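Each chain gets a letter, A, B and so on, in the order its sequence line appears, and its residues count up from 1. Note that the coordinates shown come from a computational prediction; the quantities given were computed from them, not determined experimentally.
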Protein chains: 2
Amino acid sequence: MPTYRTDDGWDALGDPTRRAIVACLAERPQAVGELADALPISRPAVSQHLKVLKDAGLVTDRAAGTRRVYRLNPAGVAALRDQLDTFWNRALDGYQDVAEQPTGEKS
Amino acid sequence: MPTYRTDDGWDALGDPTRRAIVACLAERPQAVGELADALPISRPAVSQHLKVLKDAGLVTDRAAGTRRVYRLNPAGVAALRDQLDTFWNRALDGYQDVAEQPTGEKS
DNA sequence: ACGAACGGTAAGCTACAACTTACGGATGGA
DNA sequence: TCCATCCGTAAGTTGTAGCTTACCGTTCGT
């Protein structure tokens, strides 16, 4: 049972190429061809990544004629940020003291 | 040149097992054995993941006798969160209008 | 000082996922 | 209506990353 928790977006952003796509889309909404032209990978590859990102709720697609314009989904990004905040706060909760004071943790 | 930007922490959190470790460490600092006992993987595997997380600046280690206590690094988590915020803000910046208006992106 | 335990590293195997080429469906233009 | 373009999917290959077992160094307890 090697699956603890598929937090969607995390898996999606775990890939460098996908992060590059997200970065491109962060600048402005773009079509698949645009992204493929800006990245060193083929169009099909971009499509697949886009599918993953869309499945993760990080991007949304809009049909514009024969083109398909993808854009970032602020809600999805916000969800990730929120989760990160949780980790962060929880860490600070039981750490602040332990972290600063290496209370001479000899045996 | 298939490397766009290795944002450290992203690659680290891209793995479910590593996310589980982070979750465990978020609760409280723990030794390698503790983590291995809580997870369905061997100790060496935990060590390797810990190494990746440490290299990414997401955790720090403290020697406690024969044990090695690892803890989350709030700064590392904050860095991720900050970067996420950047994406988020940038998206909102050039989207709100473009998303609604398909400004006739003909060839 | 000896024994025991904990943790990190090395080497190897397996599985997954990212990328490619090829194909088909759909939409726009002439 | 016919052609061209764009996108998504299918099938296949390859690289890599995660896991395991085995070994070694280090540190504590007796």
Subject >> Interatomic distance, B/Asn73 atom CG to B/Leu53 atom CG [nearest 0.5 angstrom] >> reply: 11.0 Å
Original post:
How many angstroms lie between atom OG1 of B/Thr60 and atom CZ of B/Arg71, to the nearest 0.5 angstrom?
Top reply: 3.5 Å
Nucleotide [N], atom [atom2] - distance to [atom1] of [X] in whole Å:
X       : N      : atom1 : atom2 : answer
A/Leu35 : D/dC7  : CG    : C1'   : 12 Å
B/Ile41 : C/dG7  : CD1   : P     : 13 Å
A/Lys54 : D/dC7  : NZ    : P     : 14 Å
A/Leu13 : C/dA18 : CG    : P     : 12 Å
B/Leu39 : C/dG7  : CG    : C1'   : 16 Å
A/Asp11 : C/dA18 : CG    : C1'   : 14 Å
B/Asp61 : C/dC6  : CG    : P     : 18 Å
A/Asp15 : D/dG15 : CG    : P     : 17 Å

Original post:
Counting only side-chain N and O atoms of A/Tyr70, is one of them less than 4.0 Å from OP1 or OP2 of D/dG8?
Top reply: yes
**OP:** For C/dT20, take OP1 and OP2 only and decide whether either is under 4.0 Å from a side-chain N or O of A/Ser42.
**Re:** yes
**OP:** Kindly indicate whether the side chain of A/Val52, heavy atoms from C-beta on, has any atom under 4.5 Å from the side chain of A/Asp11.
**Re:** no
Subject >> Distance-minimising heavy-atom pair for A/Pro74 and A/Leu72 >> reply: CD-O, 3.2 Å
Original post:
Where is the tightest heavy-atom contact between B/Ala78 and A/Trp88, given as atom of each residue plus distance?
Top reply: CB-NE1, 4.0 Å
**OP:** Check the pair B/Leu50 / B/Asp61 against side chain to side chain contact (heavy atoms under 4.5 Å, CB included), numbers first and verdict last.
**Re:** CA-CA 9 Å; B/Leu50 250 14; B/Asp61 59 330; over 6 Å; no
Original post:
What does the inter-axis angle of the helix from C/dA1-D/dT30 to C/dA30-D/dT1 come out as, five pairs per end, nearest 10 degrees?
Top reply: 30°
Original post:
Passes side chain to side chain contact (heavy atoms under 4.5 Å, CB included), B/Tyr70 versus B/Leu58? Steps please.
Top reply: CA-CA 10 Å; B/Tyr70 283 79; B/Leu58 288 174; over 6 Å; no
Original post:
With a 4.0 Å cut-off on heavy atoms, is A/Ala63 in touch with a base, just the backbone sugar-phosphate, or nothing at all?
Top reply: nothing
Subject >> Comparing A/Gly65 and A/Val52 on DNA chain C - which has the more 5′ nearest nucleotide >> reply: A/Val52
**OP:** Verify the neighbour count for atom CZ of B/Arg67: are there more than 12 heavy atoms of other residues, nucleotides or ligands below 6.0 Å?
**Re:** no
**OP:** For the side chain of B/Arg68, starting at C-beta, report the closest nucleotide among C/dG8, C/dT20, C/dA18.
**Re:** C/dG8
Subject >> Within residues 43-51 of chain A: residues closer than 4.0 Å to DNA chain D (heavy atoms) >> reply: A/Arg43, A/Pro44, A/Ser47, A/Lys51
**OP:** Please name all residues satisfying salt bridge (Lys or Arg N to Asp or Glu O under 4.0 Å) with A/Lys51, sequence neighbours left out, ordered by chain then number.
**Re:** none
